[in-house]
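Keep in mind that this is a model prediction, so the values were computed, not measured.
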Amino acid sequence: MSRPSSDLVDPILAWYDEHARDLPWRGNGATPWSVMVSEFMLQQTPVVRVLPVHATWLERWPTPAALAAESSGEAVRAWGRLGYPRRALRLHAAAVAITEQHGGEVPDSYDELIALPGVGDYTAAAIASFAHGRRQVVLDTNVRRVLARAVSGVEFPARSVNRAERDLAADLLPGDAPTAATWSVAVMELGALVCTAARPQCPACPVSDQCRWQAAGAPPYDGPPRPVQAWAGTDRQCRGRILAVLRDAPGSVDRARLDAAWDEPVQRERALASLLTDGLLVLDDDGRYRLP
DNA sequence: AAGGCGTGGAA
DNA sequence: TTTCCAAGCCT
């Protein structure tokens, strides 16, 4: 049985060997916890913005137990402006679970990892593979885009992973675990640096000569429209403003301080309620607001 | 399963 | 200026 796409593996491994970025969550010095923290921070957030926060985070909390010993509000505060602050809450909750249920060690199996808060299919596979060297199919947006172009001949993959896509990725995954882990990070790196969403650098691509999208003349995406998120005037922006007030305040703040963060009262009230529901905000008995 | 959830840099 | 995007998760 031939595997026509297997010719992708060796050139991409060779490319990665020469072009991999030297990131603190890669290589010998990286602990499983460091990898796990990076994976949480990198969910929908660029590497350059993660780097400084990741460094200060690990200096302050070098182990899951160290983070678990603090309040979740300190995690939210240290999260800074990375965005999607519920990730900070979930990372803290995951650290508590690891401390209480896994002896303080980041689990190495996919099933144990995906049971942790904030850990979905991608993050579980990434931690198992990159932190523990387990053989896992790692399917992130970069891998999906590279395979969509090189193998399927389309500019972008579908919104969600389908069976054929997972089968393809599984088929390409090298048989031995260490090589599989390197392959996964290599394809991700290629997608991040060369096979980018906008303006891919095809002349620099190690597999451009066998890319089906290139061979087809790089046809533009013609699938269903990809949803674009509005920002100005949304509840997300309002929540961000409110939470920024709390992050920058040493302790609790009164209601007037929060009201000053957003003019429209109905939306402000809705955002405040949702922040309380999410556990990103706490209302004390004295009527003041603080981080959890 | 489609939509909500932050932020800031690049073009 | 506006638009698009960056290693997803959860409901």
Chemist: Going by an N to O cut-off under 4.0 Å, is there a salt bridge joining A/Arg26 and A/Asp22?
Modeler: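 Salt bridge absent between A/Arg26 and A/Asp22.
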
Chemist: Between A/Arg145 and A/Arg159, name the one whose nearest nucleotide on DNA chain C is closer to the 5' end.
Modeler: A/Arg145

Chemist: Using modelled atom types and a 3.5 Å cut-off, is there a donor and acceptor pairing between side-chain atoms of A/Arg77 and backbone atoms of A/Ala249?
Modeler: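 Yes, A/Arg77 side chain to A/Ala249 backbone: donor-acceptor pair under 3.5 Å.
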
Chemist: Whole Å only: how far is the CZ atom of A/Arg81 from the P atom of B/dG9?
Modeler: 10 Å

Chemist: Quick one: is A/Gln44 getting a side-chain N or O under 4.0 Å of the C/dG8 phosphate, OP1 or OP2?
Modeler: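 So the side-chain polar atoms of A/Gln44 do come within 4.0 Å of the phosphate oxygens OP1 or OP2 of C/dG8, strictly under.
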
Chemist: When you measure from the side-chain N and O atoms of A/Arg247 to the phosphate of B/dT7, is any distance below 4.0 Å, counting only OP1 and OP2?
Modeler: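 Indeed, a polar side-chain atom of A/Arg247 lies that close.
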
Chemist: Mind checking if A/Leu23 touches a base, just sugar-phosphate, or nothing, with heavy atoms under 4.0 Å?
Modeler: base

Chemist: When the distance from CG of A/Leu82 to P of B/dC5 is rounded to whole Å, what number comes out?
Modeler: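 So the CG-P distance, A/Leu82 to B/dC5, works out to 19 Å.
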
Chemist: If I take atom CH2 in residue A/Trp231 and atom P in nucleotide B/dA10, what distance separates them, rounded to the nearest angstrom?
Modeler: 18 Å

Chemist: Nearest-Å distance, CD (A/Gln229) to C1' (C/dC9)?
Modeler: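 So the two atoms are 13 Å apart, to the nearest Å.
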
Chemist: Kindly indicate whether the side chain of A/Thr234 and the base of B/dG4 share any N or O donor-acceptor pair separated by less than 3.5 Å?
Modeler: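 No.
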
Chemist: Looking at A/Arg270 and A/Asp235, is any side-chain nitrogen of the basic one under 4.0 Å from a carboxylate oxygen of the acidic one?
Modeler: yes

Chemist: Which part of the nucleic acid, if any, lies within reach of A/Arg239 when heavy atoms closer than 4.0 Å are counted: base, sugar-phosphate only, or nothing?
Modeler: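 It contacts sugar-phosphate atoms only.
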
Chemist: Send over the distance from A/Tyr84 OH to C/dC5 P, rounded to a whole Å.
Modeler: 14 Å

Chemist: What is the separation between atom CZ on A/Arg226 and atom P on C/dG8, rounded to the nearest whole Å?
Modeler: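 To the nearest whole Å, that distance equals 13 Å.
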
Chemist: Report yes if a donor N or O on one partner sits less than 3.5 Å from an acceptor N or O on the other, where the partners are the side chain of A/Arg236 and the base of B/dT7; otherwise report no.
Modeler: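 For A/Arg236, whose side chain was compared with the base of B/dT7, there is no donor-acceptor pair (under 3.5 Å).
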
